[in-house]
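Nothing here was measured: the structure is a model prediction, and the numbers come from that model.
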Number of protein chains: 2
Amino acid sequence: MNKASHQHIAILIIGNEVLSGRTREANAWFAAKTLFDVGCKVSEVAIVPDIQERIVTTLNRLRKQYDAVITSGGIGPTHDDITMQCVADAFATPLLEHAETIRLMEAFYGANALNDGRRRMARLPASASPIICEKSICPGAKMDNVYVFAGVPSIFESQLHAVLTDFTNDHAYHRFEIEVNLPESLYAHGLGEIQNQFPTLEIGSYPSHCGTQPSGKICISGLDEAAIALAKATILKLIKEITNP
Amino acid sequence: MNKASHQHIAILIIGNEVLSGRTREANAWFAAKTLFDVGCKVSEVAIVPDIQERIVTTLNRLRKQYDAVITSGGIGPTHDDITMQCVADAFATPLLEHAETIRLMEAFYGANALNDGRRRMARLPASASPIICEKSICPGAKMDNVYVFAGVPSIFESQLHAVLTDFTNDHAYHRFEIEVNLPESLYAHGLGEIQNQFPTLEIGSYPSHCGTQPSGKICISGLDEAAIALAKATILKLIKEITNP
């Protein structure tokens with residue numbers, strides 16, 4: 001079982017529209033939620049512009065640093081869609097028309113409608129395999145430990161689901177949240193001690209600053225449900241002791 | 001005028017809660033929109049976990065690569081709030097209690113209420129200056145070209161506004177969008193030629209894949225309003241020629 005090889009995932013979002021604030025990033029968020037639920041961890045997200053050198057440099061760093069990289073965006077037919085070329089460049093391999101994809105696209109669009117733009121979307125790095133999903137005739141690609149997905153959220157989501165078994169861990173992550181209406185500073189010390197007692201869990205404190213009263217949530221997450229239950233009880237005891245000293 | 005030194009900005013989001021999909025990232029998006037409107041460009045966004053080595057390594061890369069870095073998150077009182085220490089580590093400088101901030105916090109909370117958690121939030125890297133905003137008594141920090149902001153969106157936004165003059169360019173960026181109900185592949189070639197005619201502008205094509213008909217937007221952005229107007233007219237002519245050949 002090679003499942004352990006896909007524990008730590010990086011997401012590479014490619015697109016000027018995100019960096020200019022035009023578009024609110026949605027795909028890294030979706031991937032983070034989806035991978036959390038199957039027991040994998042997003043270890044880093046990088047958002048870079050549609051610039052060849054920046055994509056190649058970042059992709060090469062991430063694919064060596066993490067078990068797998070999921071890219072989002074830049075696989076359409078227009079001039080700003082350069083991701084497939086960049087993946088090929090990162091692996092120093094040519095970008096080639098994928099014969100099977102051309103056949104599928106001819107069947108879908110009709111052979112006469114296969115213009116240059118659509119042919120462009122049938123190119124894959126040599127030795128990459130296409131990722132076929134329900135939402136688009138144009139494939140994503142898997143090249144070594146790099147998964148190349150579309151930027152359109154519905155297609156991105158469909159492509160992730162199409163390969164999700166590659167990312168499934170033996171255990172899912174679990175999360176439990178405790179609402180706390182106290183200033184963080186009152187429980188900070190005690191919570192730090194509880195984190196030390198449960199080193200396999202992530203315990204975070206997230207104030208919300210809504211209204212005038214302090215409010216926020218303490219969040220416990222990890223793979224070990226029994227440890228989460230014990231940490232939860234310990235935190236609730238701490239909060240009770242602070243509230244009713 | 002040192003305004004040209006802050007043209008290319010990186011955003012460093014620090015927080016397990018974003019990488020686990022618990023929290024949808026909001027601050028990089030807000031900063032991207034806000035900086036776009038004052039003529040600055042977000043050149044990269046990085047999201048990393050609450051791990052000292054990962055924060056320090058990423059911060060050191062970004063602050064050398066770009067004109068300025070804005071960090072978000074990890075400046076509260078709890079054990080997972082390690083950003084100020086990481087900034088100090090990145091600059092190989094000690095983290096010290098900031099006397100003026102302690103004074104302000106004593107005045108705000110009362111001297112007896114200044115517990116360890118709150119004192120923790122009064123620490124700044126040596127030679128950093130505090131960033132005071134309307135939404136929090138606990139300061140952010142400016143250390144060389146690094147701006148350290150909170151993760152809570154209302155505080156992050158207030159801190160960015162407090163230092164926005166540092167980022168103001170002589171010209172604002174402008175954006176114009178054209179709605180197009182055609183498959184991208186039909187205008188991809190022509191649009192690429194128009195991009196080549198206007199090298200100072202960014203022209204992007206963003207399909208939306210809503211419903212069964214092709215739809216999307218062509219987005220033109222840049223500093224030069226006259227060039228945007230000319231590119232807009234050229235693109236509208238292209239779309240008209242394709243629609244009514």
With heavy-atom distances below 4.5 Å as the criterion, would you say the side chains of B:Arg118 and A:Pro183 are in contact? yes
Which atoms of A:Ile203 come close to chain B, meaning under 4.5 Å heavy atom to heavy atom: side chain ones, backbone ones, both, or neither? both
Chain B interface, residue from A:Glu202, A:Lys33, A:Glu17 that has the most non-hydrogen pairs under 4.5 Å: A:Glu17
Quick check for you: to the nearest 0.5 Å, what is the distance between B:Asn16 atom CG and A:Ser221 atom OG? 7.5 Å
Are more than 12 heavy atoms, taken from residues, nucleotides or ligands other than A:Asn196, located less than 6.0 Å from that residue's CG atom? yes
Could you check A:Glu44 against B:Leu19 for side chain to side chain contact (heavy atoms under 4.5 Å, CB included), going step by step and ending with a plain yes or no? CA-CA 7 Å; A:Glu44 179 169 342; B:Leu19 293 172; 5.6 Å; no
If I measure from the heavy atoms of chain A, does B:Ser136 come under 4.5 Å with its side chain, its backbone, both, or neither? neither
Does any backbone or side-chain atom of B:Ile11 lie under 4.5 Å from a heavy atom of chain A? Answer side chain, backbone, both or neither. neither
Among A:Ala188, A:Gly73, A:Gly117, A:Pro77, which has the most heavy-atom pairs under 4.5 Å with chain B? A:Pro77
Report yes or no: does B:His189 contribute a side-chain atom to a donor-acceptor pair with the main-chain N or O of A:His79 at less than 3.5 Å? no
Report the option among B:Pro153, B:Ser43, B:Gly76, B:Ala28 that has the most heavy-atom pairs separated by less than 4.5 Å from atoms of chain A. B:Ser43
Do you know which of A:Arg120, A:Lys41, A:Arg119, A:Arg61 has the most heavy-atom pairs with chain B at a distance under 4.5 angstrom? A:Arg61
Which of the residues A:Val152, A:Asn115, A:Val48, A:Thr58 is involved in the greatest number of heavy-atom pairs with chain B at under 4.5 angstrom? A:Asn115
Quick one: what part of B:Glu193 sits under 4.5 Å from any heavy atom of chain A, side chain, backbone, both or neither? neither
Using side chain to side chain contact (heavy atoms under 4.5 Å, CB included), reason through B:Arg22 and A:Phe36 one step at a time and then give a plain yes or no. CA-CA 9 Å; B:Arg22 176 193 180 273; A:Phe36 181 92; over 6 Å; no
At a 4.5 Å cut-off on heavy atoms, which part of B:Ser205 comes close to chain A: side chain, backbone, both, or neither? both
Count the heavy-atom pairs under 4.5 Å between each of B:Asp37, B:Asp116, B:Ile155 and chain A, then report the option with the highest count. B:Ile155
Does the B:Arg24 side chain pair with the main chain of A:Glu25, one donor and one acceptor, at a distance under 3.5 Å? yes
Under 4.5 Å from any heavy atom of chain A - which part of B:Ile13: neither
I need the residue from A:Val42, A:Thr78, A:Val45, A:Val18 with the largest number of non-hydrogen atom pairs under 4.5 Å to chain B. A:Val45
Determine yes or no for a side-chain-to-main-chain donor-acceptor pair under 3.5 angstrom, with A:Arg175 supplying the side chain and B:Ser20 the backbone. yes
Can you tell which part of B:Ala26 gets under 4.5 Å to a heavy atom of chain A, answering side chain, backbone, both or neither? both
Region of A:Thr23 in contact with chain B, defined by heavy-atom distances below 4.5 Å: backbone
A:His171: which residues meet the side-chain hydrogen bond (donor to acceptor under 3.5 Å, both in side chains) condition with it, sequence neighbours left out? none
